[in-house]
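Report on the structure given below.
Keep in mind it's a predicted model, so treat the numbers as computed, not measured. Reminder, nothing fancy here: chain letters follow the sequence lines and each chain counts from 1.
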Amino acid sequence: MLSMTLKINRSESYRWVISSSDENKPEAVVYASENIMNSIKNDQSLQQLLNVASLPGVSGNVFAMPDIHQGYGFPIGTVAAFDYDEGIISPGGVGYDINCGVSLIRTGLKVEDVSRHLGELVSLLYKRIPSGTAKSTIDVSDHDMEKILNYGLEWAMDKGLADQDDLLNTELGGKLNVDDPGMVSDMAKRRGRNQLMTLGSGNHFLEIQKVDQIMDEETSKVFGLEKGEVTVMIHTGSRGLGHQVATDYLNLLNESDESVKNEKDPQLISAHIKSRLAERYMEAMNAAANFAYVNRQLITNSVIQTLRETLKNRESDMHTGIVYSLAHNIARVEEHTIGGRKVNVIIHRKGATRAFPGHMMEGTKFSKYGHPVLVPGSMGTASYVLVGIKGNDERSFSSSCHGAGRMLSRHAAISKLSARDIRNELVSKGISFKAANSRSLVEEAPESYKDVDEVVESARGAGLTLPVARLIPIGVMKG
DNA sequence: ATGTCC
């Protein structure tokens, strides 16, 4: 990757304009506190952000969320829009884990109902939901795989594995448009078949949480969140299937004469939005996203089933349901306001969360308050439920942060931290936990991440989202 | 993120 000289100008307390002196003079906007900006200013991520800003057909500004860090081509934490006629789509702008995302489940149970059974609950979940490299325990036919890729949660509903409420509480009904699931390679499908209803590894987790703090009473009530109640958060994606789709299409683009190569960084290879290549990648990406929505739905079902069995005597107090399920690694065609005009653009959100306020959610149950924005923290730290702010469209295409954001590389984490210290830290916080391997335990240590409270505060200060509720872990399962 | 090098 070629570097250029970076200029950083503070335009508001949580808004920074990054610019470069190269011939295109690209600019990008970063939302961050001063402290976060100081921690990232010498990082490759800002250079990567300017490279994205110089891609063809970019519409409006390229934005970075406060949890920005270095990624493949595009930094994680990027929101970038491209013209629907002149622009591009880039697999590096979605990421290898297509529809990596979050589902949040409310239980209606109080922490006191659950705490005595926490160890048993975590052990049982660990047995039932394969994590790390463990394979799927359920068997789906080739025919079902095709249907999952084609119809997402509608397949689950047909099979009695999801109900109408699950679909209403999943963004876009958990189904992105796919005409031909044949755009997904046989190898990708094969990998997916062995991984349905699995958590994976890396930063993926399943957490039993307590609603620790309510910042917005009215909105939290609408979302079904009450202080002292138990929630379960699932953070996972499309597993090997999405990874294989990303690999397949990066290979195709690299072999094609019709793709848009990038001289600054080969990882930014793209396809013109109106090209056949772009159309094929969009189909495959949507199919992988549908698989991920189903993956989280099946894990959700298993969690609810396990809660019912473990807390039999509390069954009448249980009021389970999906608060929301969303993707934070995805590209989509959306209508946004740029320079006062409404335009269709292809939005890449890579490690960034859609945060539509009510008026952008017409026709859904979230048309008054906006949809929940789920922000998983790092292991053993808080997670948040946020909501979009009217006026955030010109600021971030109505997007916000997606997590705490990595500070140390995986490699740096391993050389600095020990698994024993991290286990001790979790135990001292009174958290029940199970981890598939100690390597990811170290790589995902809270010390490897930014402070999620500061990330969320930066998103608030920048006018992107408002905090609704803060959740803290009481049980953790790591891949 | 990922059958962490087909």
**Prompt:** Checking all strands, does A:Glu443 fall into the base, sugar-phosphate, or nothing category for heavy-atom contacts under 4.0 angstrom?
**Reply:** nothing
**Message:** Assuming nearest nucleotide by heavy-atom distance, tell me which of A:His235 and A:Arg439 is located more 5' along DNA chain B.
**Reply:** A:His235
**Message:** Contact list please: residues 240-250 of chain A against DNA chain B, heavy atoms, distance less than 4.0 Å, in numerical order.
**Reply:** A:Gly240, A:His243, A:Gln244
**Asked** Rounded to the nearest Å, what distance is computed from the OH atom of residue A:Tyr96 to the C1' atom of nucleotide B:dC5?
**Response** 13 Å
**Asked** Partners of A:His243 by ring-ring contact (aromatic ring centres under 6.0 Å, His included), sequence neighbours excluded?
**Response** A:Tyr96
**Item:** Residues that A:His235 engages under ring-ring contact (aromatic ring centres under 6.0 Å, His included), provided they are two or more places apart
**Value:** A:His204, A:Phe205, A:His328
**Asked** Rounded to whole angstroms, how far apart are CG on A:Asn251 and P on B:dC5?
**Response** 15 Å
**Request:** May I have the distance from A:Glu444 (atom CD) to B:dT2 (atom P), rounded to whole angstrom?
**Result:** 10 Å
**Nearest-Å distance for atom pair CG/C1', residues A:Asn437 and B:dT2** = 13 Å
**Partner set under side chain to side chain donor-acceptor pair (under 3.5 Å) for A:Thr306, not counting sequence neighbours** = A:Arg128
**Fill in**
note: A:Asp97, atom CG; B:dT2, atom P; distance rounded to Å ~ 6 Å
**Asked** Charged N to carboxylate O below 4.0 Å: is that the case for A:Arg280 and A:Asp180?
**Response** no
**Prompt:** A:Ile98 CD1 to B:dT2 C1': how many Å, rounded?
**Reply:** 12 Å
**Asked** For B:dT2, does either OP1 or OP2 sit under 4.0 Å from a side-chain N or O belonging to A:Ser201?
**Response** yes
**Asked** With sequence neighbours excluded, what pairs up with A:Tyr249 under the ring-ring contact (aromatic ring centres under 6.0 Å, His included) test?
**Response** A:Tyr281
**Message:** Measuring to OP1 and OP2 of B:dT4, would you say a side-chain N or O of A:Arg410 lies under 4.0 angstrom away?
**Reply:** no
**Message:** Taking salt bridge (charged side-chain N to carboxylate O under 4.0 Å, His left out) as the definition, give me every residue that meets it alongside A:Arg15, ordered by chain and number, with sequence neighbours left out.
**Reply:** none
